[in-house]
Amino acid sequence: MTAVRPADPERLWSTLQTMAAMSEPGPGVTRLAYTTLERAAHARFAEWMADAGCEIAVDPAGNTVATRPGRATGPAAGTGSHLDSVYNGGRFDGIAGTMAAVEVARLLHEAGVETELPLRFVAFAGEEGARFGQACCGSKLAAGLSSRAELDVRRDRDGVSLADAMAAVGLDPDLAARTAWAAEDWSGFVELHVEQGSVLERAKLDIGVVDLISGSTRIELTVTGQASHTGGTPMRGRADALAGAAEAVLLAEQVALDPRHRGTRATVGRLSVLPGSITTIPGRVTFSLDVRDVDADRQRQSAAEIVTRMRAACLRRGTRLEARLLADTSAVVLPDWVRNEVTAAAAERGVPYRVLTSGASHDAQMVNRLVPTAMIFVPSRQGLSHVPEEWTEPAQLAAGTDLLLAALLRLDARAAAVAGVLENVGGAS
Ligand SMILES: [Zn+2]
């Protein structure tokens, strides 16, 4: 065994670019959940991991799990992130963490390191809510938080259910419940991800360690008015669904800006207008609302207040507003002890870091329901994410990867020590 080298920024960069090339045409990266492109990315991840000496398994949810055997069998320390993207997203969201996992596996393989217990590297399927309005599909199933029935309910904009989309790429939705991990197979989990905010950039730091992940309440709203001729219909007495929706959108912003809701972020990111004609008053508008907060009560109160005020505003305009809850998750507090292993690894290496919260949701928050989990953030230039301009410097990715590797080795040593102590008290019963 030789000493483990530091992460190779060029190699990391080129694996990341290989992934970026697997995209629908158009600006940025479009590699949606449960598409052949996403599966191709998983196949490539599996190939790289097999070359680095890992055993590969794909579970019924489509998560790819690469296991690197240890000296003994027992609970594994794990890392990973996702390979899917939003529509016209960037190259780093999710990919940074999975490519860091690939680099960690390669570095350990090259140095011939034998860990005490196995390590697992996971590429989660369907993390982005962009296609089905449901985030973290694969990790939710892994954490035992989702059911077969839910896969029929979630549909994309073409009406394809999550279950049908899974079946179309060769997965069996009927077996999805078997995805659930057993807690005893894991000692801890660390996800590396891009920050998707600008705290690290402003602080001139390469590393963030997450203590809290925001929750999210997602609602689909439909305003129904009366479509009619734009020329023949007088201005007074119209029931213009888009004018109602416009007021509703501004109300979401207004409520979230109110100091009483400080910390809440409310966004309307999708809107469709029917019949969508220059010469017809809009009769029906459907739009999304995403409310996020690190305080679960405030998040739901904000969402409820927004919908109530939207409804009143639409009524005043002679239109009707209907609301349908798409998804609702609470903020997650990540456990101290795993985070302390990450910060101890950073301190040991003399790497400055900041503890911060995550505004975005992540596979980590699902996994954490079963396995104690930590998150490492690397900077996002100008805080931009979910856009083609998403950017993280190669050296920053490498710095995050080195810390990830060090943290996994600490989790492994800790789990082995715990197992050793328990073995010695084993005869006491
Ligand atoms: Zn992500």
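One-based numbering, in listed order, for ligands and for the atoms of each. Residues: numbered from 1 along the sequence shown. Because the structure is predicted, anything quoted here is derived from the model rather than measured.
The distance from atom CG of Leu405 to atom OG1 of Thr401, rounded to the nearest 0.5 Å, is 8.5 Å.
Under 2.8 Å from the Zn ion (ligand 1) lies an N/O/S atom of His82, whether from backbone or side chain.
Shortest non-hydrogen contact noted between Ala130 and Tyr87 is O-CE1, 3.7 Å.
Judged by distance alone, the side chain of Glu103 and the main-chain N or O of Asp8 form a donor-acceptor pair under 3.5 Å.
Within Asp93, the N, O or S atom at minimum distance from the Zn ion (ligand 1) carries the name OD1. Sorting the N, O or S atoms of His193 by how far they are from the Zn ion (ligand 1) puts NE2 first.
Contact check for Met19 versus Arg91: no side-chain heavy atoms found under the 4.5 Å cut-off.
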